[in-house]
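Written below as structure tokens is the structure these notes are about.
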Amino acid sequence: MPAIAIIGAQWGDEGKGKIVDLLAQQARVIVRFGGGDNAGHTVVNPRGQFKLHLIPSGIFSPSAICVIGNGVVVNPAMLIGEMDGLSQHGVDISRLLISDRAHLVMPYHILLDGLEEEARGAKALGTTRKGIGPAFADKAARLGIRAGDLLDQGVLLERLRHVLDHKNMLLTRVYGASPLSLDEIYAQYCRYGERLAPYIGEPLPVLEQALAKGELVLLEGAQGTLLDPDFGTYPYTTSSSSVAGGSCLGAGLSPTRLSGVLGVFKAYCTRVGGGPMPAEAKDETGELLRERGSEFGTTTGRPRRCGWFDAVASRLSTLVNGFTAAAITRLDVLDAFASLKICVGYRLNGKEIDSFPSNTFALERCQPIYEEMTGWQTPISHIRQYQQLPAEARRYISRLEEFISCPVKLISVGPAREQTITTGSIF
Ligand code: IMP
């Protein structure tokens, strides 16, 4: 069995949680490879409805090992809360493994995320204020504290003392904020360490053993390609790689072991936070999409910006990720529309273009060019066979397939596991 990366193909919130939960039933290992608790994965399965932020959505599969990979930044308080919540629902969390190389979100990261956003004023990025950007910045600046540091209180104290001196200078001298107490943070993180120690370890042998035995390994993405700091709408992006290339790095898997990349696309587009979104519908269409799709952020509750499927953006996503298969989610949200639009090009400075500009300021000036298709205007959430979908829905899927240049193997028509149409194997 192969290793498959599951990648958000748009601006995040594509429904990766449901897809991972579904495929995890066949998997031995699921590795979350990026982001932190800025992510929110909603999973609806026979055990109930769950909102996961850090724990891989595969945790409901009784035989799967769920790894929080080295590419993730971990807020220990959030993680412990999530672990407790799952345990209370009878979910076995003993199969959770936290990479000792994963960096920790510290109290000053959360504080600085908020202060930096305030300082940006009208140019605020609209971050989730979970401290994710500052935590990844510290990783690159060699100022990070890692999960493995929690296992040795002497190391933790030494690292914390060194870093906190620096952070307190920043907090007090640049932002005029109060300094943080070394003793308090140290005591708090020692308690986290005691609680998390049984779960912290080295995931590489686990991955190797699974692959050697031919077992399925899933690399679970967070956020989406257009929020990737290299390929997304920079600077309106997140801070860790959300593309297929980043999946290997954030999980500790050699690229030669990856056998497929599943792109998860919503049947339309949403975005939460600031930054350009050329096909955003700021009218009743956007409102209807938001209302029918309950498009509110899982992590922050913010209303998501909604619009038609953006084929230009999806072309970039396809180029960067090399999808071998696609999943289209929330097709049922489109049941209400008499006519559907797909953004097939942009108009920029009087010219038509069909590629996604890397320059965010140019992107902000792009006007969408739409192609229109007839809607199906009938409920489809009960349908389980592709051939039973209305002809208009099949035509819509075929058209999306042309844009994303790979076969659509899964179509989601509702939040539950069984509300899924499978058109072929993705393994
Ligand atoms: P940060 O990741 O909290 O720094 O936020 C940076 C940008 O990414 C903001 O626009 C957020 O709204 C967006 N973002 C971060 N995580 C997610 C996610 O899981 N889904 C959708 N947007 C996200």
Side-chain angles (χ1 to χ4, degrees), residues 6-20 32-43 50-57 71-75 78 82 103 105-106 108-120 122-140 220-243 246 250 264-266 268-277 280 290 293-307 313 317 329-330 360 363-364:
I6 298 171
I7 302 295
Q10 295 156 323
W11 279 280
D13 306 319
E14 299 89 352
K16 298 178 289 296
K18 166 177 170 167
I19 303 296
V20 173
R32 178 65 194 273
F33 68 78
D37 63 302
N38 50 351
H41 293 170
T42 305
V43 176
F50 300 88
K51 292 185 187 301
L52 300 174
H53 301 279
L54 282 163
I55 295 181
S57 307
V72 177
V73 290
V74 178
N75 177 332
M78 289 296 293
E82 222 168 274
H103 281 243
V105 175
M106 305 298 292
Y108 42 81
H109 291 140
I110 299 168
L111 213 52
L112 285 166
D113 200 355
L115 291 167
E116 287 167 7
E117 276 288 85
E118 299 300 333
R120 286 183 194 114
K123 297 261 179 223
L125 304 177
T127 75
T128 58
R129 299 190 179 215
K130 299 284 181 188
I132 307 303
F136 279 111
D138 273 0
K139 176 176 177 177
E220 174 180 346
Q223 290 86 43
T225 300
L226 301 167
L227 289 174
D228 179 84
D230 283 278
F231 295 101
T233 52
Y234 190 87
Y236 296 95
T237 62
T238 191
S239 308
S240 64
S241 178
S242 42
V243 299
V264 185
F265 292 83
K266 216 177 255 189
Y268 48 96
C269 273
T270 63
R271 166 165 212 171
V272 59
M277 180 184 178
E280 180 174 8
R290 187 175 311 112
S294 301
E295 294 291 357
F296 296 88
T298 311
T299 301
T300 58
R302 290 177 290 178
R304 294 180 185 141
R305 300 156 62 191
C306 298
S317 196
T329 62
R330 300 194 167 213
T360 300
L363 197 57
E364 267 162 358

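Note that the structure is predicted; figures quoted are calculated from it, not measured. The basis for the numbers below is simple: all heavy atoms, side chains too, and nothing from hydrogens, waters or symmetry mates. Whatever order the structure lists them in is the order used to number ligands and atoms, beginning at 1.
- A donor-acceptor pair under 3.5 Å is formed between the side chain of Ser317 and the backbone N or O of Ala9.
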Check ligand 1 for N or O atoms under 3.5 Å from a protein N or O and list each pair with its distance.
{"from": "ligand 1", "atom 1": "2 (O)", "to": "Asn38", "atom 2": "ND2", "distance (Å)": "2.9"}
{"from": "ligand 1", "atom 1": "2 (O)", "to": "Thr238", "atom 2": "OG1", "distance (Å)": "2.6"}
{"from": "ligand 1", "atom 1": "3 (O)", "to": "Thr128", "atom 2": "N", "distance (Å)": "2.9"}
{"from": "ligand 1", "atom 1": "3 (O)", "to": "Thr128", "atom 2": "OG1", "distance (Å)": "2.5"}
{"from": "ligand 1", "atom 1": "10 (O)", "to": "Val272", "atom 2": "O", "distance (Å)": "3.1"}
{"from": "ligand 1", "atom 1": "12 (O)", "to": "Gly126", "atom 2": "O", "distance (Å)": "3.4"}
{"from": "ligand 1", "atom 1": "12 (O)", "to": "Val272", "atom 2": "O", "distance (Å)": "2.9"}
{"from": "ligand 1", "atom 1": "12 (O)", "to": "Arg302", "atom 2": "NH2", "distance (Å)": "2.9"}
{"from": "ligand 1", "atom 1": "16 (N)", "to": "Gln223", "atom 2": "NE2", "distance (Å)": "3.1"}
{"from": "ligand 1", "atom 1": "20 (N)", "to": "Asp13", "atom 2": "OD1", "distance (Å)": "3.1"}
{"from": "ligand 1", "atom 1": "20 (N)", "to": "Asp13", "atom 2": "OD2", "distance (Å)": "3.4"}

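- Remark: Pro276 pairs with Thr233, Tyr236, Arg271, Thr360, Leu363, Glu364 by the side-chain contact (heavy atoms from CB on, under 4.5 Å) rule, at least two apart or across chains.
- Partners of Arg304 according to the salt bridge (Lys or Arg N to Asp or Glu O under 4.0 Å) rule, which considers only residues two or more places apart in sequence or in another chain, are Asp13, Glu295.
- A donor-acceptor contact shorter than 3.5 Å is absent between the side chain of Arg290 and the backbone of Thr270.
- Glu116 meets the salt bridge (Lys or Arg N to Asp or Glu O under 4.0 Å) test with Arg120; sequence neighbours excluded.
- Between the side chain of Thr299 and the main chain of Ala39, a donor-acceptor pair closer than 3.5 Å is present.
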